[in-house]
6 protein chains.
Amino acid sequence: DFFGALDEVKAAFGVHEEDLHTSIAGGILKFSTTIDEILSHGQRYIKQVKESRNTKFISLLMHGPSGSGKTALAASIALASKFPFVRLISPEAMVGMSESSKINYIDNTFRDAYKSPLNILVIDNLEGLIDWVPIGPRFSNPVLQALKVYLKRQPPDGHRLLIISTSSSYSVLKQLDILNCFHNELAVPNLKSLEEFKSVMDAAEFMNDEIRRTVVKQLYGVFGTNKLDIGIKRALVNIDTAQFDEDEVNELVELMAPSLVRENQSGSPSHY
Amino acid sequence: DFFGALDEVKAAFGVHEEDLHTSIAGGILKFSTTIDEILSHGQRYIKQVKESRNTKFISLLMHGPSGSGKTALAASIALASKFPFVRLISPEAMVGMSESSKINYIDNTFRDAYKSPLNILVIDNLEGLIDWVPIGPRFSNPVLQALKVYLKRQPPDGHRLLIISTSSSYSVLKQLDILNCFHNELAVPNLKSLEEFKSVMDAAEFMNDEIRRTVVKQLYGVFGTNKLDIGIKRALVNIDTAQFDEDEVNELVELMAPSLVRENQSGSPSHY
Amino acid sequence: DFFGALDEVKAAFGVHEEDLHTSIAGGILKFSTTIDEILSHGQRYIKQVKESRNTKFISLLMHGPSGSGKTALAASIALASKFPFVRLISPEAMVGMSESSKINYIDNTFRDAYKSPLNILVIDNLEGLIDWVPIGPRFSNPVLQALKVYLKRQPPDGHRLLIISTSSSYSVLKQLDILNCFHNELAVPNLKSLEEFKSVMDAAEFMNDEIRRTVVKQLYGVFGTNKLDIGIKRALVNIDTAQFDEDEVNELVELMAPSLVRENQSGSPSHY
Amino acid sequence: DFFGALDEVKAAFGVHEEDLHTSIAGGILKFSTTIDEILSHGQRYIKQVKESRNTKFISLLMHGPSGSGKTALAASIALASKFPFVRLISPEAMVGMSESSKINYIDNTFRDAYKSPLNILVIDNLEGLIDWVPIGPRFSNPVLQALKVYLKRQPPDGHRLLIISTSSSYSVLKQLDILNCFHNELAVPNLKSLEEFKSVMDAAEFMNDEIRRTVVKQLYGVFGTNKLDIGIKRALVNIDTAQFDEDEVNELVELMAPSLVRENQSGSPSHY
Amino acid sequence: DFFGALDEVKAAFGVHEEDLHTSIAGGILKFSTTIDEILSHGQRYIKQVKESRNTKFISLLMHGPSGSGKTALAASIALASKFPFVRLISPEAMVGMSESSKINYIDNTFRDAYKSPLNILVIDNLEGLIDWVPIGPRFSNPVLQALKVYLKRQPPDGHRLLIISTSSSYSVLKQLDILNCFHNELAVPNLKSLEEFKSVMDAAEFMNDEIRRTVVKQLYGVFGTNKLDIGIKRALVNIDTAQFDEDEVNELVELMAPSLVRENQSGSPSHY
Amino acid sequence: DFFGALDEVKAAFGVHEEDLHTSIAGGILKFSTTIDEILSHGQRYIKQVKESRNTKFISLLMHGPSGSGKTALAASIALASKFPFVRLISPEAMVGMSESSKINYIDNTFRDAYKSPLNILVIDNLEGLIDWVPIGPRFSNPVLQALKVYLKRQPPDGHRLLIISTSSSYSVLKQLDILNCFHNELAVPNLKSLEEFKSVMDAAEFMNDEIRRTVVKQLYGVFGTNKLDIGIKRALVNIDTAQFDEDEVNELVELMAPSLVRENQSGSPSHY
Ligand SMILES: Nc1ncnc2c1ncn2[C@@H]1O[C@H](COP(=O)(O)OP(=O)(O)OP(=O)(O)O)[C@@H](O)[C@H]1O
Ligand SMILES: Nc1ncnc2c1ncn2[C@@H]1O[C@H](COP(=O)(O)OP(=O)(O)OP(=O)(O)O)[C@@H](O)[C@H]1O
Ligand SMILES: Nc1ncnc2c1ncn2[C@@H]1O[C@H](COP(=O)(O)OP(=O)(O)OP(=O)(O)O)[C@@H](O)[C@H]1O
Ligand SMILES: Nc1ncnc2c1ncn2[C@@H]1O[C@H](COP(=O)(O)OP(=O)(O)OP(=O)(O)O)[C@@H](O)[C@H]1O
Ligand SMILES: Nc1ncnc2c1ncn2[C@@H]1O[C@H](COP(=O)(O)OP(=O)(O)OP(=O)(O)O)[C@@H](O)[C@H]1O
Ligand SMILES: Nc1ncnc2c1ncn2[C@@H]1O[C@H](COP(=O)(O)OP(=O)(O)OP(=O)(O)O)[C@@H](O)[C@H]1O
Ligand SMILES: [Mg+2]
Ligand SMILES: [Mg+2]
Ligand SMILES: [Mg+2]
Ligand SMILES: [Mg+2]
Ligand SMILES: [Mg+2]
Ligand SMILES: [Mg+2]
């Protein structure tokens, strides 16, 4: 089992596990087949980078709505690689840094990677790394330019590198003309149906199965639709919050209501 | 009584009470059932953060028009939690600071919070914290980016944290793409009817009950409407100002007049 | 007499009188009943701040066209208060200061105010204080943000404060979302009719009464209107300038001509 | 004779004459009655500032198209005042200075003026002083804000001050909301007719009178109009340039041609 | 053979080969006659710079879509020149440098070039060198201005220089008014047909010839078009990635699918 | 012969000849009568500045499309003046300088000029000097403002100065409101017809006369037009490049093709 090996790797040299493990504290629930596909594509790219005679460098983009599970999936793939060097570059580690410190930080991480034969870098939350804000819009162009170079740069001879970047602003990356930095893209979806939500409630052991079915029935009854659009992250918190209310069922229905996709609305709200 | 316990907490370690108590100097008048609902939702989230096996971190947004009582309500909930660490982050404490000093200040407060097992942070006036001004628009992107990280960051293992943020610029937060940082939102309304205003006059003991009724009668008589739209803060000042005028009734009617919602106007003026 | 007491206060501790007295060098001519109303509202707010059990802080906005007499009226009210601490914050004192020096200057003045039990601060020319210029538009956001905090901040326990701010750019304050910082607003009008202008000529003793009547008659004759729109400041200078011309009457008519409001024009030009 | 006294003043204390005299190197040719009117208005304001009981400070704006003679006229009036303190503030003296050095320079000049009882300051080329450029538009807001204060500030008791500012960008001053800083405005016109141009040729002694008449006749013949729109500055250079050409008449006609106002054009081109 | 001489030059003085050789790690596959034409134009300009009596300086622009092979072709031409001084100026070497350091770096490279009699400079990725980003748009104007000077500057007497610049943003260069810095332009195309792609698969030895034909057949079968639009760089990676999948043929078809140009689309997508 | 004297001046004091001579390395080919007119106007202005009693300062603008020969013509006129002080101010000498260094450099050059009795300054490429770029647009306002002062400033008594500025962005200068800094303007045209191109080929001795006629014939044959629009600079390079091709005639036709003005196009492309 490819992903079952996670625990063993924990002690490996060069792997900064705390950060990556925090990201998958909620586990990886397989509420849809797409989850498996993403994981197996990840597995294939790891193999290519490790073994190909021609391709010693791959740069991937994992994109999807806010809270859809991008970071958790990227971390899972990275930790499962058994590569000796696995690192996370994310905005959390750079709060309040100047632009040049950020570039320095990124540069140092890449230099470290270039010392090891087999490397994975998770570059999490690209728009956060460049301080993107849609009003203006504003962002750090120096950090962006540095990333554009690093996302395309071949590691030196004898070194192999897989980059997995995440983003919840695909259209921003397009406007920034940065999509051509990636060899391929993987889309991470939201929960899209009450069935998928039901299987998440099951996994989270929300009350008992009858109550879960009641929740689904009520949601369907009230809104007359099966369609949902909510990230796994918020879905899990809602389930938990309801359990602290006197009237769990009604509260969960209320908390989930804004995520139901009414038919007369213009399609899905998740244009991220 | 959940909120009656406020006084006892005063002496608790780590609670900066002066700031929070100043915010509720005018008390919490229950002029509408919404006030109770807000307080009881606050109570439930405190319980969840304290006791949940899965959710050790909740970030809430309390939003409403200017002067509607957001800060007072957030402070009440925070002080009533009995959590050992309760702090206020607000623009008042950061006047004239450089961007990096502000980020440092915020960072330090969070670091302190991460040392205590049970924490509440009131992050007051989000748009003020980022120096938002609608012309331009302008704001501090570095402070915004730092807040985006802190509003999403899990506290370390063994620490639990409830964040209550306030804002009177909901649409700004939406444009800044910061709403996805909150697990849930609580709306704080203005006074919406002459009945609600009457109950505030009663609580404030404006002259005597007959005079209060006269004020309401005159307001209704002149404007032919029962609908009001004014924050509790300005309503309380108006009541007090009128008492220093020779002709209290007429003066109060005059001071309140701009807040009546005339039927032929396009709905409520409070699009904050 | 409320305003007759001005002279006595001169020697009081903490009152920086030079600045405030310079502002009313031209006296306060009562050319309209509005002038009296403004002064008596000022008087009432002074009483409220001094005596109210609930309201220990009031922030007022005095707005009107350029040269309409805002600063002189604010200074009159402040000097008449007999409060031990009366200060003026204005752009004149801050020419060429850096943004942080300005904030420091404002901060120091408020700190001083917080030491005295009863305080008045005249914050003159808000748009000037933030370096506002309509092209761009440009302004100092740090100074604006500092003012937003100070205009809302309660003085500490045991201290009372009345703030009177002036502005000739009401719509700018609205765009800057700063109007909610004031508990109330007082409008200062221009001279609006030839009658009001006549009473100013009388007070200024322009030549003799017959000549003044001739001026009014000619203005009415030429333009067929009684409506005027000119600030008291420029009106007083015009009257004086004419006296240095060989042909006083014609010169004054010529100097006043641009301020007459012709009927076929779209109302009043004073959209400041 | 008011202006004939210029020479005597030369030696007076406090008068920086070189700068001002350079500006009127080309003399003041009275090609139109407006020139006399401007000079006599200047004379009247000098008298008012010197003698009035009420008005100890006047700020004038002298505006007109580029090269129309504003600086020369302002300098003439200033030098003729016999005031002990006469100074020029202009962009020439501040090339390459930082914004704060410029403000300092202006501040120092005003401080010097406040030491003398009777003062004239010529503030030349306002848009140049603030580094105005129409693209953008861009300008130095700190210098603008400083000028706005200085243009309105009363000199201290016992001191009198006349400010004459010049500008060739009236509409810019309007947009910058700076026109209300002036007590009055004086418009300086271009040469507007072939008659005015003829009298300039006469004064400049271009060849002989017959040739001058030929030039006028040819200009009128070719363009069928008497209307001209050209500043005195360029007109004088054109006359001189032609004299270095083999064919003076034709060359002068050619050099003046672009300044003739053809009837079928939409009025005058001089919307400066 | 002009390009066969590459290896010999490796040891030459002044040639920084590592950088240039890295760029052509994937070789130069002659999938279209245009490739040969580009190489022979390069050869002619090298001869002109080396031998012409009049032209001792030529500046070329090599432009084409992202990943079309510009850098590899420029590097090939440069390395084949046998010129004693061959250098690469590219964004990779300048990550995180300040604007002035970048200009210094460029300046130093040109100074070095001016010491040698025969020089080639490859200025790779012009838009990257100026930190261009389409949002805003933003870019480093100081670096742009420096490049504009260097791209036009004649080397000193006795020195000859060929500059080959590359860019994937032709329209940007046009907007920046920088096209007039080049004496001529060379366009580098994408792969445009399944035939060209087939010849690339052949050269890359993707599985066996039958399988390659199957891939082409399937692509044609599914999309009903022969037209392709993909850079050589991504085409080579796709071919390699497919080899690590269990189902190579289907995977390669899937990976190539987005690059097929469907007839009902508005022409080619490659408006770079 | 006015321009034949160039060589003699070479040794004169204060003349920086290298820079100016480099600009006319390609000679001055008289392909059109306009070239002679420009040179003779230059001669006349030199005489005026040298001898006029009234005009001791002239500032000229030489404008035309990119590569039309402006710098070469300005340099020719300057070198032919025999003035003791002849200098070039151009962007080349200021690469990478800070704004204040640039202003300092310009200031120093003018100071030097003010020490000599008779001076010529060629201020080459105005838009380059201010770092103009059409996107934005962006430019150095401090350098622009300094130039505006210097382009208008009279040299001190006893000194005479002719300024010749060049620009290929006339409309930019107009927008920047800088055209009023010049006493007159000289337009430098592109090659406009095949006849003019033929005379350039003749002067450059391209192959033999028959071949030149063939080139013209083919160009006319293919495009059916005699109209051309190309700068002398690029025309000369094209002629030289063709000589290094195996098929000179066809290559020259191909290189010149983009410069032919087809009848159905909307006039000339050279709106610079
Ligand atoms: N199938 C799944 N895929 C991803 N995450 C899952 C899945 N099942 C459960 N989770 C849990 O859901 C959470 C997903 O949060 P995560 O931070 O990865 O989302 P995200 O898309 O990166 O959010 P953001 O847009 O805020 O960065 C994690 O706690 C993870 O353990
Ligand atoms: N039901 C209530 N809810 C909130 N505040 C109340 C209530 N009743 C009385 N008050 C008093 O009204 C005032 C509310 O002011 P508060 O500063 O909390 O408003 P706010 O919405 O935060 O204003 P701002 O938009 O300016 O930040 C406080 O003095 C509080 O004591
Ligand atoms: N009724 C009046 N109200 C105000 N000022 C008066 C009145 N009568 C006479 N004055 C005189 O008129 C002048 C008003 O000038 P003041 O500076 O107060 O106007 P302002 O509106 O503040 O101008 P600005 O918009 O330029 O700040 C003062 O000199 C004042 O003494
Ligand atoms: N009637 C006149 N008015 C003004 N200047 C005159 C007159 N007659 C002759 N001159 C001469 O014309 C020139 C006017 O130039 P001046 O610099 O004053 O114009 P300006 O309007 O200030 O130009 P700019 O817009 O460039 O600042 C001076 O040399 C002056 O001596
Ligand atoms: N005919 C060819 N032309 C160019 N490159 C080729 C050719 N055949 C194979 N290649 C290989 O393809 C790759 C082209 O990549 P290169 O970096 O030169 O593209 P690019 O257009 O510069 O990309 P970018 O736009 O990202 O700068 C190189 O590895 C090169 O060896
Ligand atoms: N009649 C001519 N006029 C100008 N230059 C000529 C002429 N005949 C030949 N030349 C040569 O043509 C070249 C003109 O280039 P020059 O740099 O002067 O053009 P430019 O218009 O200044 O270009 P740019 O717009 O790039 O600054 C010079 O080498 C010059 O010697
Ligand atoms: Mg994430
Ligand atoms: Mg609040
Ligand atoms: Mg005022
Ligand atoms: Mg002038
Ligand atoms: Mg490249
Ligand atoms: Mg040039």
Side-chain angles (χ1 to χ4, degrees), chain E residues 40-41 43-60 99-108 110 130 132 134 136-150 152-157 171-185, chain F residues 18-19 21-23 25-27 65-68 71 90-99 101-102 125 127-140 143 168-169 172 204-206 230-231 233-248 251 254-255 258 272:
Chain E
S40 84
H41 274 97
Q43 194 167 1
R44 185 191 67 199
Y45 283 113
I46 283 173
K47 204 174 161 209
Q48 182 181 9
V49 166
K50 202 168 163 186
E51 300 173 9
S52 170
R53 215 166 30 91
N54 304 308
T55 309
K56 283 140 191 182
F57 170 60
I58 291 275
S59 168
L60 298 176
E99 286 184 324
S100 58
S101 300
K102 286 183 186 178
I103 293 171
N104 217 39
Y105 179 97
I106 296 170
D107 189 65
N108 281 335
F110 272 86
I130 61 167
W132 172 266
R138 303 188 203 168
F139 56 93
S140 164
N141 197 19
V143 176
L144 171 66
Q145 298 295 336
L147 284 173
K148 285 181 94 159
V149 166
Y150 286 121
K152 277 184 131 171
R153 181 140 74 182
Q154 297 274 350
D157 263 12
S171 64
V172 168
L173 302 193
K174 194 166 187 176
Q175 289 173 66
L176 291 171
D177 206 14
I178 202 179
L179 289 178
N180 64 35
C181 293
F182 303 103
H183 294 94
N184 225 326
E185 306 171 356
Chain F
E18 308 74 40
D19 295 339
H21 277 285
T22 309
S23 317
S66 183
S68 58
T71 306
S90 83
E92 300 208 4
M94 295 189 226
V95 167
M97 277 191 190
S98 68
E99 286 184 325
S101 299
K102 286 183 186 177
N125 191 355
E127 59 277 15
L129 284 171
I130 60 167
D131 289 341
W132 172 266
V133 59
I135 298 183
R138 303 189 202 168
F139 56 93
S140 164
V143 175
S168 47
S169 305
V172 169
E205 298 181 12
F206 179 71
I230 186 172
K233 203 150 114 182
R234 185 178 279 246
L236 288 169
V237 170
N238 281 351
I239 291 168
D240 191 65
T241 297
Q243 285 170 337
F244 287 84
D245 207 273
E246 287 157 32
D247 184 354
E248 306 87 358
E251 189 60 26
E254 200 170 295
L255 287 166
Y272 61 95

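No hydrogens, no waters, no symmetry mates; every other heavy atom, side chains included, goes into these values. Here is the naming used below: chain letters follow the sequence lines, and residue numbers restart at 1 for every chain. Just so you know, these numbers come straight off a predicted model, no measurement behind them.
We find the NZ-CD distance between E:K47 and F:Q243 to be 11.5 Å, quoted to the nearest 0.5 Å. Taken from CG in E:N184 to CG in F:N238, the straight-line distance is 7.0 Å, to the nearest 0.5 Å. F:K233 contributes atom NZ, which lies 4.5 Å from atom NZ of E:K152 (distance to the nearest 0.5 angstrom). Atom CG of F:D131 and atom CG of E:L144 lie 8.5 Å apart (nearest 0.5 Å). Here the straight-line distance linking atom CD of F:E251 with atom NE2 of E:H41 works out to 5.0 Å at 0.5 Å rounding. The line from CE of F:M97 to CD1 of E:I103 is 12.0 Å long, rounded to the nearest 0.5 Å.
In terms of heavy-atom proximity, F:R234 sits nearest to E:L179 at NH2-O, 4.3 Å.
Between chain F and the residues E:N54, E:N141, E:I106, the largest count of heavy-atom pairs under 4.5 Å involves E:N141. Ranked by heavy-atom pairs shorter than 4.5 Å toward chain F, the options E:K148, E:R153, E:H183, E:R138 are led by E:R153. Comparing F:T241, F:L255, F:V95 by how many heavy-atom pairs each has under 4.5 Å with chain E, the most go to F:T241.
A donor-acceptor pair under 3.5 Å is absent between the side-chain atoms of F:D240 and the main chain of E:S52, judged by distance alone. Of the possible polar contacts, one joining the E:Q145 side chain to the F:W132 backbone as a donor-acceptor pair under 3.5 Å is found.
Under the ring pair (Phe, Tyr, Trp, His ring centres under 6.0 Å) criterion, F:F206 pairs with no residue, sequence neighbours left out. Qualifying side-chain hydrogen bond (donor to acceptor under 3.5 Å, both in side chains) partners for E:E99, counting only residues two or more places apart in sequence or in other chains: E:S140.
Proximity to chain F (any heavy atom under 4.5 Å) is shown, for E:P142, by neither the backbone nor the side chain. In this structure, chain F has a heavy atom under 4.5 Å from the backbone of E:F182, while its side chain stays farther away.
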Test side-chain contact (heavy atoms from CB on, under 4.5 Å) on F:E246 and E:S40 and set out the steps. CA-CA 11 Å; F:E246 287 157 32; E:S40 84; over 6 Å; no
Residues F:V133, E:F139; criterion side-chain contact (heavy atoms from CB on, under 4.5 Å); working and verdict: CA-CA 11 Å; F:V133 59; E:F139 56 93; 3.7 Å; yes
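In the displayed structure, E:N108 atom CG is contacted under 6.0 Å by more than 12 heavy atoms of other residues, nucleotides or ligands.
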